[in-house]
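Report on the structure given below.
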Amino acid sequence: MALSNDFIAEITSVADACAEAAARETLAWFRSSGLDVDDKSAVNAFDPVTEGDRAAEAAIRAVLGKARPQDAILGEEEAATAGTSGYSWVIDPIDGTRAFVAGAPTWGTLIAFSEESGPLYGILDQPYIGERFCGGFGQATLRGPHGTRNLATRRTTSLDEAILFSTFPEIGRPAERAAFEAVARQVKLTRYGLDCYAYGLIAMGLSDLVIEAGLQPYDIQAPIALVEAAGGIVTNWEGGPAHGGGRAVAAATPELHAAALDALASAVSDG
């Protein structure tokens, strides 16, 4: 069923309000000497959560509670809440909390509006640098210091011309890391550490691939909406839906996506 223009306008407006509410909280804590950091990891790895994470998610939930109480909410820092509409909001208040703690401006807030089959609309907001990526309902845009512009992925089709990103060099389990490295050996350039912003670079037409593992739904749903609205493709490593989390490949073109999947599959098979 086609969505009405009024419905689309409502959802995009609510998503913007969520991003604005989160930004007030995250900017208040970013690079603050009084920032408290907790480690929520159950294993020998640093998995931080801060007052900024919690306050931003609470602010988003407050907006949704007033504007769309019928929708479900899945967030990183609070328990999921059920809805009655068939739609859900999937939110990561600070994607890149390690960067946030370190004072690096590469974190962002992720807000997705989704149905069971996947995201319909997503925002990747970077309030510190003043850039807001929006994708879905047939359009991808960037609003920032230089105004608003439409986004489109570039037309890279071969791995040897591609720029590849991943958040961590030590991606996933050893077999997953080996598969990633098999792709990395074939691309023009590999870079690390931008968290969600790497997906924004694909949508802007400045990079070509993101390959990650160990994702949660709130890590990937907004990037899926953005990249696909800009003309790219996002799946899991087997070519299936990625909105449930796990392993993801985001690519600028179908041809490049197919080449990345082939390289990953060959490496996994060889391993």
Side-chain angles (χ1 to χ4, degrees), residues 39-49 53 74-77 90-92 94-100 104 106-108 110 112 114 118-119 122 124 159 162-187 189-203 207-228 232-254 256-271:
D39 185 359
K40 59 183 180 180
S41 174
V43 295
N44 188 26
F46 181 51
D47 187 12
V49 60
D53 295 85
L74 173 65
E76 182 173 10
E77 308 305 339
V90 184
I91 55 178
D92 191 346
I94 300 178
D95 182 84
T97 301
R98 293 172 181 84
F100 189 88
T106 54
W107 53 275
L110 298 177
S114 305
L124 188 168
L159 289 173
I163 297 175
L164 167 66
F165 274 91
S166 192
T167 300
F168 307 114
E170 62 275 19
I171 179 174
R173 299 187 298 271
E176 292 169 330
R177 180 176 182 178
F180 172 84
E181 289 174 347
V183 180
R185 286 192 293 269
Q186 300 181 56
V187 302
L189 176 65
T190 302
R191 305 299 296 165
Y192 299 99
L194 291 189
D195 298 294
C196 60
Y197 198 70
Y199 296 95
L201 293 177
I202 291 182
S207 67
D208 307 289
L209 276 172
V210 176
I211 298 177
E212 297 193 284
L215 300 176
Q216 297 296 325
Y218 45 72
D219 295 316
I220 193 62
Q221 290 210 14
I224 289 172
L226 173 65
V227 170
E228 294 191 343
I233 182 171
V234 186
T235 71
N236 64 20
W237 287 20
E238 293 73 41
H243 61 274
R247 306 189 299 190
V249 178
T253 63
L256 184 63
H257 176 261
L261 291 190
D262 285 346
L264 289 168
S266 295
V268 170
S269 176
D270 291 344

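Index from 1, following the sequence. Because the structure is a prediction, the values reported are computed rather than measured.
Tyr199 has its side chain within reach of Ile220: a pair of non-hydrogen atoms, C-beta onward, lies under 4.5 Å apart. Val249 has its side chain out of reach of Val234: every pair of non-hydrogen atoms, C-beta onward, lies at least 4.5 Å apart. Pro217 is listed as a side-chain neighbour of Leu74, based on a closest heavy-atom distance under 4.5 Å. With a 4.5 Å cut-off on side-chain heavy atoms, Thr97 and Val49 do not count as touching. Using a 4.5 Å cut-off on side-chain heavy atoms (C-beta onward), Val210 and Phe165 make contact.
In terms of heavy atoms, Ala213 sits closest to Gly172 at CB-CA, 4.1 Å. In terms of heavy atoms, Gly122 sits closest to Ala225 at N-CB, 3.4 Å. Here the closest heavy-atom approach between residue Ser207 and residue Ala198 is recorded as OG-O, 3.9 Å. Residues Ala260 and Val183 share a closest heavy-atom pair of O-CG2, 4.1 Å. The minimum heavy-atom distance linking Ala162 with Val187 is given by the pair O-CB, 3.4 Å. In terms of heavy atoms, Val227 sits closest to Ala251 at CG1-O, 4.2 Å.
How far CG of Leu110 is from CG of Leu124: 5.0 Å, rounded to the nearest 0.5 Å. With rounding to the nearest 0.5 Å, the separation of CG in Asp208 from CD1 in Ile202 is 7.5 Å. In this structure, CG in Leu261 is found 9.5 Å from CG in Leu256, a value given to the nearest 0.5 Å.
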Full working for side-chain contact (heavy atoms from CB on, under 4.5 Å) between Tyr218 and Ile91: CA-CA 5 Å; Tyr218 45 72; Ile91 55 178; 5.9 Å; no
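Residues His257 and Thr235 bring a donor and an acceptor atom of their side chains to less than 3.5 Å of each other.
Under the 3.5 Å distance criterion, the side-chain polar atoms of Glu212 are left unmatched by any main-chain donor or acceptor of Ala248.
Sorted by first and then second residue, the pairs that involve residues 174-183 and meet salt bridge (Lys or Arg N to Asp or Glu O under 4.0 Å), not counting sequence neighbours, are Arg173-Glu176, Glu176-Arg247, Arg177-Glu181.
Every side-chain contact (heavy atoms from CB on, under 4.5 Å) that Tyr192 has, sequence neighbours left out, goes to Ser166, Pro169, Phe180, Thr190.
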